[in-house]
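Position 1 is the first residue of the sequence, and the numbers go up from there.
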Amino acid sequence: MERSDGAARRAVARIPASLPYRLLAAGRPVAAGSLLDISVRGAALLADRRPAAVHDLVLELRGPDGTAALAVPAELVTVDADPFGGWIIRLRFCASPEDPACREVARVVAVLRRRFNARQSALARERLGLHTAEAYGHRGPPGV
């Protein structure tokens with residue numbers, strides 16, 4: 001998808017995530033660390049070293065509720081230096097939507113989205129001081 005200014009934009013939003021992962025190439029570990037974000041179509045990973053191998057990739061991770069490890073076929077999109085040290089690896093998932101691994105990723109993303117939205121809502125209430133009906137001394141804002 002492309003924006004009106006010509007820059008590329010993701011068709012599917014990514015959700016912030018801090019799940020541990022292992023990245024395998026041809027069955028051998030090439031990176032490990034923590035996810036930055038994930039969607040049903042891809043993920044961004046933090047790694048302490050640049051992966052040497054970039055073909056036949058599989059992302060292994062556990063769900064946020066400690067569920068069994070997922071193994072998702074992926075292709076490398078970019079590897080960039082992280083300004084804070086280490087590397088940011090961006091992957092695109094290769095599995096079709098019917099693949100069981102994709103259904104599991106969709107489940108993980110749904111759980112993470114619910115948790116993220118709940119945290120954002122709690123932060124908004126805390127920072128904005130959103131009032132409850134009791135704050136008005138009756139069941140709603142004045143004039144209602």
Side-chain angles (χ1 to χ4, degrees), residues 1-25 27-51 54 56-144:
M1 183 174 258
E2 198 167 299
R3 298 186 324 210
S4 61
D5 63 2
R9 192 182 88 179
R10 288 187 183 99
V12 178
R14 291 200 176 175
I15 302 300
S18 183
L19 301 174
Y21 77 86
R22 273 189 347 150
L23 186 61
L24 308 175
R28 297 175 52 174
V30 294
S34 180
L35 290 180
L36 271 174
D37 60 42
I38 189 167
S39 78
V40 294
R41 294 192 182 165
L45 323 171
L46 290 174
D48 58 355
R49 65 178 190 258
R50 186 181 185 103
V54 295
D56 300 317
L57 297 176
V58 172
L59 177 65
E60 284 187 345
L61 61 108
R62 289 197 177 274
D65 51 0
T67 56
L70 307 175
V72 186
E75 67 178 298
L76 184 70
V77 176
T78 62
V79 178
D80 298 309
D82 182 351
F84 300 106
W87 299 91
I88 299 173
I89 303 167
R90 290 180 179 84
L91 302 175
R92 180 179 305 121
F93 298 144
C94 299
S96 73
E98 296 81 33
D99 188 292
C102 271
R103 287 196 298 268
E104 282 301 305
V105 168
R107 188 188 62 72
V108 166
V109 169
V111 168
L112 290 170
R113 179 175 285 117
R114 281 192 302 275
R115 289 181 182 179
F116 177 76
N117 289 343
R119 283 192 308 266
Q120 292 297 100
S121 179
L123 279 172
R125 283 191 305 275
E126 177 185 316
R127 291 183 180 171
L128 298 175
L130 299 179
H131 299 290
T132 61
E134 294 80 31
Y136 291 107
H138 56 80
R139 298 204 184 277
V144 176

Would V58 and V72 count as a side chain to side chain contact (heavy atoms under 4.5 Å, CB included) here? Give the steps.
CA-CA 5 Å; V58 172; V72 186; 5.8 Å; no
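Within the 4.5 Å cutoff, the side chain of R119 has heavy atoms near those of the R115 side chain.
The nearest pair of heavy atoms linking F93 to G42 is CD1-N, 3.3 Å. Heavy-atom minimum distance, R113 versus A13: NH2-O, 4.1 Å. L112 and A17 make their closest contact through CD1-CB, 3.8 Å (heavy atoms, listed as atom of the first residue, atom of the second, distance). Of all heavy-atom pairs between I89 and A31, the closest is CD1-CB, 4.1 Å. Summarising the geometry of S39 relative to R14, their closest heavy-atom pair is CB-CG, 3.7 Å, with the distance given to 0.1 Å.
Interatomic distance, L23 CG to L57 CG, rounded to the nearest 0.5 Å: 5.0 Å. How far CG of L19 is from CG of L70: 9.5 Å, rounded to the nearest 0.5 Å. To the nearest 0.5 Å, atoms CD1 (I15) and CZ (R114) are separated by 11.0 Å. Here the straight-line distance linking atom CG of L76 with atom OG1 of T78 works out to 7.0 Å at 0.5 Å rounding. With rounding to the nearest 0.5 angstrom, the OH atom of Y21 is 8.0 Å from the CG atom of L35. Rounded to the nearest 0.5 angstrom, L46 CG and W87 CH2 are separated by 13.0 Å.
Partners of P20 under the side chain to side chain contact (heavy atoms under 4.5 Å, CB included) rule, at least two apart in sequence or in another chain, do not exist in this structure.
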